[in-house]
> 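The structure follows.
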Amino acid sequence: MSSDSVSGSFKRCVEQLRENAVIAYPTEAVFGLGCDPDSEQAVMALLALKKRPAEKGLILIAASYQQLIPYIRDEELTVEQRDRMFSHWPGPVTFVVPSSAPRWLTGKFDSLAVRVSDHPDVQKLCTTFGKPLVSTSANLSGQEPCRNVEEVISQFGADFPVLQGITGGRNNPSEIRNVITGELIRQG
């Protein structure tokens, strides 16, 4: 993979995000589908592409906790709850927190799943875009999540905007925990 193809794909993905399109990008374990969390149009396009019901809610992935503040009710978290999150971040643990985000992100819940990733491509995308991304596994309904660029192209087509890169090498998707109770929701 040449550095020109990587930088070209990065520029294209950021442009696509700014145009309310859905992109694919590498995360800790699999490729994710992402879009602008503030664009209901983009989120609905992502859900339609995945054939995912809106009521299930989505994950936001970010470069920093500060990027998540507009979407969560940080004031409802205790110091201990924040410390619980910060002890795992940046990293592959997702936390469900009280939310102030729109229903197109939270679905039927009053909470939102959020993660500060340590994947360099996620860090760079979110920093350049200036906010978190919606993050759900890159796969069509019934298919296995994509683990490389070739699998993304196979499932979504050669014209689909995909960030040329590699996953962080983890075998399992991120662990998901409830920040309030500490309950394990999904094993990582």
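In this text, all values refer to a predicted model and were calculated from it rather than measured experimentally.
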> Between CZ of R170 and CG of N172, what distance do you get to the nearest 0.5 Å?
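Output value for this atom pair is 6.5 Å.
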> Tell me, do R177 and E183 make a side-chain contact under 4.5 Å, heavy atoms counted?
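No, side chains not in contact.
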> If you take all heavy atoms of Y71 and P132, which pair is closest and at what distance?
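Y71 and P132 have their closest heavy atoms at CE1-CG, 3.6 Å.
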> Is any side-chain heavy atom of Y25 less than 4.5 Å from a side-chain heavy atom of V122?
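The answer is yes, as the side chains (C-beta and beyond) meet within the 4.5 Å cut-off.
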> Decide whether F109 and L68 are clustered together by the hydrophobic rule: side chain heavy atoms of Ile, Leu, Val, Met, Phe, Trp, Tyr closer than 4.5 Å, transitively.
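Not linked; separate clusters.
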> Spell out, as yes or no, whether a donor-acceptor pair under 3.5 Å connects the side chain of N139 to the backbone of Q143.
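It does hold such a pair.
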> Starting from the C-alpha separation in whole Å, work towards a yes-or-no answer on salt bridge (charged side-chain N to carboxylate O under 4.0 Å, His left out) for D110 and R103.
CA-CA 9 Å; D110 291 324; R103 285 284 169 210; 2.8 Å; yes
> Would V149 and F31 count as a side-chain contact (heavy atoms from CB on, under 4.5 Å) if you check the C-alpha gap in whole Å, the side-chain angles of each, and the deciding distance to 0.1 Å?
CA-CA 8 Å; V149 172; F31 269 70; 3.8 Å; yes
> Determine yes or no for a side-chain-to-main-chain donor-acceptor pair under 3.5 angstrom, with R52 supplying the side chain and G57 the backbone.
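Confirmed, R52 side chain pairs with G57 backbone.
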> Do F10 and L125 have side-chain heavy atoms sitting under 4.5 Å apart?
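They are in contact (side-chain heavy atoms under 4.5 Å apart), so the answer is yes.
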> Working to the nearest 0.5 angstrom, can you tell me the gap between D38 CG and N20 CG?
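Interatomic distance, D38 CG to N20 CG, rounded to 0.5 Å: 10.0 Å.
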> Looking only at heavy atoms, what is the nearest atom pair of P70 and S100, with distance?
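Between these two residues, the closest heavy atoms are O-OG, 3.3 Å.
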> Do other residues, nucleotides or ligands put more than 12 heavy atoms under 6.0 Å from the CG atom of D159?
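No, not enclosed.
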> Which ILVMFWY residues are connected to L184, directly or by a chain of links, through side-chain heavy atoms under 4.5 Å apart?
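Same cluster as L184: nobody, lone residue.
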> Which atoms form the tightest heavy-atom contact between A63 and T127, and what is the distance?
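Heavy atoms of A63 and T127 come nearest at CB-OG1, 3.5 Å.
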> Taking all heavy atoms of C13 and all of P161, pick out the closest pair and write down the distance.
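Smallest interatomic distance, heavy atoms only, reads SG-C, 4.1 Å.
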> Go through it in stages, so that I can follow the logic: the residues are I69 and Q66, the test is side-chain contact (heavy atoms from CB on, under 4.5 Å), and I'd like the CA-CA distance, side-chain angles, deciding distance and then a yes or no.
CA-CA 5 Å; I69 297 289; Q66 284 307 114; 4.1 Å; yes
> Quick one, C126 and K131 - any side-chain contact, counting heavy atoms below 4.5 Å?
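Contact flag for C126/K131 side chains = no.
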> CG of L33 to CG of L49: how many Å apart, nearest 0.5 Å?
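With rounding to 0.5 Å, CG (L33) is 6.0 Å from CG (L49).
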> Who else is in V79's hydrophobic cluster (ILVMFWY, side-chain heavy atoms under 4.5 Å, direct or via others)?
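So far as hydrophobic clustering goes, V79 is joined with none.
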> Check whether Q123 reaches the backbone of S117 with its side chain - one donor and one acceptor, N or O, closer than 3.5 Å.
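Yes, because the side chain of Q123 sits within donor-acceptor range (under 3.5 Å) of the backbone of S117.
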> For R147, does its backbone N or O pair with a side-chain atom of E151 as donor and acceptor, under 3.5 Å?
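Side chain of E151 to backbone of R147, a donor-acceptor pair under 3.5 Å: yes, one is there.
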> Of all heavy-atom pairs between A42 and V22, which one has the smallest distance, and what is that distance?
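In this case the closest contact between A42 and V22 is O-CG2, 3.9 Å.
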> Between the side chain of Q155 and the main-chain N/O of L140, is any donor-acceptor distance below 3.5 Å?
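Yes; at least one donor-acceptor contact below 3.5 Å.
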> As a test of understanding, state which of I180, I72, D74, L112 forms a side chain to side chain contact (heavy atoms under 4.5 Å, CB included) with P98.
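Running side chain to side chain contact (heavy atoms under 4.5 Å, CB included) over I180, I72, D74, L112 with P98 returns exactly one hit, I180.
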> Where do P26 and D121 come nearest, in terms of heavy atoms and distance?
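In this case the closest contact between P26 and D121 is CG-OD2, 3.2 Å.
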> I need the D36 CG to I23 CD1 distance, nearest 0.5 Å.
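It is 10.5 Å, given to the nearest 0.5 Å.
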> Give the cluster check for V30 versus L133: same hydrophobic cluster or not, with ILVMFWY residues linked at side-chain heavy-atom distances below 4.5 Å.
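Result: no, two separate clusters.
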> Using 4.0 Å as the upper bound for N to carboxylate O, is an ion pair formed by E80 and R82?
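The answer is no: the pair does not qualify as a salt bridge.
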> Yes or no on side-chain contact (heavy atoms from CB on, under 4.5 Å) for I59 and T136, after CA distance, side-chain angles and deciding distance?
CA-CA 7 Å; I59 294 175; T136 185; over 6 Å; no
> Report yes or no: do V116 and I185 belong to one cluster of Ile/Leu/Val/Met/Phe/Trp/Tyr joined by side chain heavy-atom distances under 4.5 Å?
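No, separate clusters.
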> Would you give the length of the straight line joining atom CD of E40 to atom SG of C35, rounded to the nearest 0.5 angstrom?
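One finds 11.0 Å between CD of E40 and SG of C35.
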> Mind listing the side-chain donor-acceptor pairs of residues 88-97 below 3.5 Å, one per line with the distance, residues two or more places apart or on another chain?
from : atom 1 : to   : atom 2 : distance (Å)
W89  : NE1    : V93  : O      : 2.7
T94  : OG1    : R115 : NH1    : 2.9
T94  : OG1    : S174 : OG     : 2.8

> Using a 3.5 Å distance criterion without hydrogens, assess whether the side chain of S9 forms a donor-acceptor pair with backbone atoms of Q164.
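The answer is yes, because a donor-acceptor pair under 3.5 Å joins these two groups.
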> Let me see the working for Y65 and F86 under ring pair (Phe, Tyr, Trp, His ring centres under 6.0 Å), right down to the final yes or no.
CA-CA 9 Å; Y65 185 68; F86 298 159; 4.9 Å; yes
> I want to check something: taking the side chain as every heavy atom from C-beta on, are K50 and L47 in contact at a cut-off of under 4.5 Å?
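No - every pair of side-chain heavy atoms lies 4.5 Å or more apart.
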> Nearest 0.5 Å please: distance from the CD atom of E28 over to the CG atom of N171.
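Between atom CD of E28 and atom CG of N171 there are 13.0 Å.
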> Where the side chain of H119 meets the backbone of I166, is there a donor-acceptor pair that is under 3.5 Å apart?
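Between the backbone of I166 and the side chain of H119 there is a qualifying donor-acceptor contact (under 3.5 Å).
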> In the structure I gave you, are the side-chain heavy atoms of F129 and K124 within less than 4.5 Å of one another anywhere?
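The answer is no; the side chains never approach within 4.5 Å.
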> Hey, are the side chains of M44 and W104 touching, using non-hydrogen atoms and a 4.5 Å cut-off?
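With C-beta onward as the side chain, the pair touches.
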